[in-house]
Amino acid sequence: MNRRDFLQLSTLLPTLGLAPSLFASQGTPPLLIMIELKGGNDGLNTLIPVENRAYYQLRPTLALPANTALKLKDGLAMHPALQPLKPHWDSGDMAWIQGLGYANPNRSHFRSIEIWESGSDAAQNDTQGWIAKLYPEAARTLNGLVIGSDHGPLSESAFDTIIMDDARNFIRLTQQLRAMRAKTTNPTLAHLLDVQNNVHQNSQQVIDTLQKTRTTNTPFPQHKFGKRLAQAAHLINNGLGAGIYKIELSGFDTHKNQLRRQNALLNQLATGLAAFSQAMQQSGQWQNTLIMTYSEFGRRAAENKSGGTDHGAAAAHLLLGGRVQGGIYGSAPTLSAQKANDLSYTSDFRKLYHSIATQWLRRPSPWGEFGAFNLVHS
Amino acid sequence: MSVLSFADARHLLNRTGFGAELDAIQQLNQQDRQQAIKKLLAAPRNFRLPTPKLHDFQTLRAMRKTSADAKMAAKQQVRKELKQIKLWAIDQALQNPNALQEKMTWFWHNHFTSSLRSSMRSAELLMGQTQLIRQHALGNFADLLRAIPYDPLMLVYLDGIKNVREKPNENFARELLELFTLGEGHYSEQDIKEIARAFTGWRLHGKTGKVFLHKKSHDTGTKTVFGSSGNFNGDDIIELLLQHPRTAEWIAEKMWPVFISLTPPDKAVIQQWANAFRTSGYDISTLLQAILTSEVFWHPATRATLVKSPLDLVIGSMRAMGLAKDKLPLSALNLQLRRMGQNIYLPPNVKGWPGGRSWINDTTLPFRQQFLRNISRGMDKNHDDAGMMSSKRMQNDLRIHKLPTLASNYWEQWLLPQGATTETANKDPHLYLQALLLDPTYQLK
């Protein structure tokens, strides 16, 4: 079977059912799936303080009525588009962390995502990703995969990463890079050959894995984000061996028409993640999977005059996974109709990073000063 | 007297231009080295393509005030114009006969970094800065340094407009010392604080966008910098920095990985260049002459050890393959540069692109090779379909249409800075040319 046959086969026959035991791969590292909500997701309409009057005053047209939101607890409810994830909340493997942000928030998309992805202070110029910082002496093996446009938390990592917008384009781009065995005394050329051999080897690993056909009978939604998650699930379940994944979902910069746009995006997020978790459960990997969302910032508490919201600061983010200790963490940012400005952060985002580093990835973390949430059970 | 061989001429042009253009090599071949360098530095600097028409500060300001929709439209207009400036700059790099001027323009942009993201008030800010840098690229560094603190884009990018007596902002002062003149380790935190005070009060006029000194926000108190005290203003600080011996050394050190090698600079050589630079009153051509005539520039051990930047690779390949003067899809080249990690006017941070080996990584190398594969796709088999191509496709076609006029047994020497790493021999000239472009050594200079 050649590659084209395979790609066709895998889309025609997505329901080749296999028993979980077949997938139980040995020595799989803990899987961390980072979902970047590009553009700045409005946290206030994602995890909603439905019992807070100020919320309705600040958002006369954008507030989501309490009776349609999905009630959780402590006066909080989820955006109705997140319905596909509600079973996870009910079964206790979904957590929300409120008020994530940092001191002296920056409102530039570009700068603020750099702060989030590098795990640095607002005043610090640092481009190395926070995941890369956790593995300073990692071996050069393939341990990271990005489906999207930039490395983000994986930037400048010691371990190898692959970045692809789409598997088919990736194959086209890399399949012609040959392995090179030449010896040279020119140090610059040696570096170049080294990179080339490495790309060749890693892309071969991805291509080989894509050609394997072990699959679950989970149907994935057909939107772009769903397809990206389907590719990630396929690679994981066929033994790619990488532990860290970054997958992008774009379009959250909702300065106008927020109700319709955020609804569509959160629907993609929820249907995609529900399918992904189902695929991981079928392959026996759900206990080994942790999914987290992040975004450059939340949005302003008060709505603007175009049916949207402008760049803000703190926001809530979610975690999903077989060993996630379900619940709501952190405290809600104060909401006041008088102070219509911003949501101040209540937990530094690095408290989340520290928790994930120490409890999930089992790595020493440089962010101990921010404390930890107890997010993972055994 | 030392005479340039074909390979020497290629080396000189590869490092002072974007890539070795055949006619330029042939002009220098067998010429006296000193004469050739002189000629290179004396080339005319007046090539300018017409610049895109831009909405000015005032018009945009008025637009923003009318309605939310007009505000959005103003934003989109500025974005569009910033993109036009990028394409203009790419075209300028493709077509300017004085390639060294283009190279040095991008060197100084990477030294005095700013970002097009700081130009949202009007694309005029970016255009103003890039013209300023272009004007001085091969001229006088002191003049450029004197102008930079009051350049509108720089004032926005490094928070100069937020730097006021009551609450000094140190961003510009810090980068002025750390990146623009002295380098880390040659000043104190106190120097930064005092220098920030000296530059307080400069603003952009709300209506016109013109730079002016708001006297009430300017600190007229005594400042102590590098041990001397006085009521220094920004101009005084620049003169202090120009008197400081580190400034010429720092610029000389930054030239090393651009022109010589990726190994640490040789201190004696740097000293020699810095002396020439300083005693000339910071004449950039004098510094370049010192660099290009130094033994280390010609030493066999330093040849083929630099990595072509994305601009070198893209612009250089187009120029060398005779594609630069065709009607090119400039936005396709812009996309290529972005994929290869050099989104022009948008450096990763204030330090600019680190360059060197970092140009080649897992992400960029496949794109670099893909670009070269695409432009060199054998046209022999596509000869016929060229006529059938729609004009749109023709316009988007970056492929080489004509084989070089040089006899093919010289191609390797012409295109590669050292012998090929792979088996490139091929009877089909198109496939041979492609094999040379795809050889790893083509990535070097």
Side-chain angles (χ1 to χ4, degrees), chain A residues 108-111 114 118 123-127 140 142 144 146 149-151 154-157 159-165 169-178 180-203 255-256 304-308, chain B residues 67-69 71-72 75 115 117-118 120 170-171 174-175 178 261-263 300-308 338-339 341 346 348-351 354 356-373 416-423 438-445:
Chain A
S108 143
H109 291 288
F110 176 68
R111 182 62 197 128
E114 196 170 88
S118 63
Q124 213 177 334
N125 252 321
D126 185 352
T127 49
R140 285 190 64 179
L142 182 61
V146 177
S149 61
D150 56 72
H151 283 85
L154 294 158
S155 294
E156 299 165 37
S157 66
F159 57 74
D160 286 343
T161 56
I162 288 263
I163 181 164
M164 57 165 83
D165 186 45
N169 289 340
F170 174 77
I171 292 169
R172 199 177 307 142
L173 181 65
T174 56
Q175 69 181 351
Q176 294 193 56
L177 280 193
R178 288 168 298 159
M180 298 259 173
R181 287 184 212 293
K183 280 212 159 68
T184 177
T185 54
N186 179 336
T188 316
L189 182 58
H191 166 72
L192 205 149
L193 295 174
D194 191 37
V195 172
Q196 176 147 346
N197 285 329
N198 213 40
V199 175
H200 172 77
Q201 192 187 323
N202 289 331
S203 61
H255 289 281
K256 56 182 182 183
N304 64 23
K305 286 174 186 159
S306 322
Chain B
S67 70
D69 280 350
K71 194 176 162 187
M72 194 58 92
K75 194 173 173 181
S115 164
R117 291 182 207 272
S118 296
M120 290 310 291
E170 295 169 7
N171 204 1
R174 181 176 304 278
E175 306 310 355
E178 183 184 330
S261 128
L262 302 180
T263 55
T302 64
R303 298 217 189 176
T305 58
L306 297 183
V307 178
K308 285 179 180 167
R338 209 176 56 171
R339 285 176 167 167
L346 197 53
N349 56 46
V350 67
K351 287 186 179 166
R357 287 182 181 198
S358 75
W359 287 128
I360 305 281
N361 60 45
D362 296 1
T363 313
T364 58
L365 186 59
F367 283 122
R368 290 169 76 107
Q369 293 285 26
Q370 185 190 45
F371 166 74
L372 295 168
R373 203 158 40 237
L416 305 184
Q418 71 172 53
T421 312
T422 50
E423 184 53 57
L438 292 177
D439 190 89
T441 53
Y442 183 74
Q443 308 278 335
L444 307 178
K445 60 178 183 181

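Just so it is clear: chains get the letters A, B, ... in the order the sequence lines come, proteins before strands, and each one is counted from 1.
- The CG atom of Leu192(A) lies 5.5 Å from the CG atom of Leu365(B); values are rounded to the nearest 0.5 Å.
- Here Thr421(B) contributes atom OG1 and Arg181(A) contributes atom CZ; the two are 14.5 Å apart, rounded to the nearest 0.5 Å.
- Heavy-atom distances place no part of Ile162(A) under 4.5 Å from chain B, backbone and side chain included.
- Residues that satisfy the salt bridge (Lys or Arg N to Asp or Glu O under 4.0 Å) test with Lys308(B), not counting sequence neighbours, are absent from this structure.
- Considering all non-hydrogen atoms of both residues, Gln369(B) and Leu177(A) come closest at CG-CD2, 3.5 Å.
- Using a 4.5 Å heavy-atom cutoff, the side chains of Thr441(B) and Leu189(A) are in contact.
- Most heavy-atom pairs under 4.5 Å with chain B: of the set Pro187(A), Ser203(A), Ser149(A), Ala182(A), this distinction falls to Pro187(A).
- Counting heavy-atom pairs under 4.5 Å between each of Leu262(B), Thr422(B), Val350(B), Thr363(B) and chain A puts Thr363(B) at the top.
- Of the residues considered (Met180(A), Arg111(A), Lys305(A)), Met180(A) shows the highest number of contacts with chain B, using heavy-atom pairs under 4.5 Å.
- With a 4.5 Å cut-off on side-chain heavy atoms, Leu438(B) and Gln176(A) do not count as touching.
- Between the side chain of Asn186(A) and the main chain of Ala304(B), a donor-acceptor pair closer than 3.5 Å is present.
- Distance NZ/Lys256(A) to CG/Asp69(B): 6.0 Å, rounded to 0.5 Å.
- For a residue to count as touching a neighbouring chain, one of its non-hydrogen atoms must lie under 4.5 Å from one of that chain's; by this rule Asn349(B) touches chain A with the side chain only.
- Glu175(B) CD to Asn125(A) CG: the interatomic distance, rounded to the nearest 0.5 Å, is 7.5 Å.
- Interface summary for chain B: among Asp194(A), Val199(A), Leu173(A), Asn198(A), the most heavy-atom pairs under 4.5 angstrom belong to Leu173(A).
- Residues Gln196(A) and Pro440(B) approach most closely at OE1-CG, 4.5 Å, considering heavy atoms.
- Put simply, NE2 on His255(A) and NZ on Lys71(B) are 9.5 Å apart, with the number rounded to the nearest 0.5 Å.
- For the pair Arg117(B)/Ser108(A), no side-chain contact is recorded, criterion being any heavy-atom separation below 4.5 Å from C-beta on.
- The CG atom of Asn169(A) lies 9.0 Å from the CD atom of Gln370(B); values are rounded to the nearest 0.5 Å.
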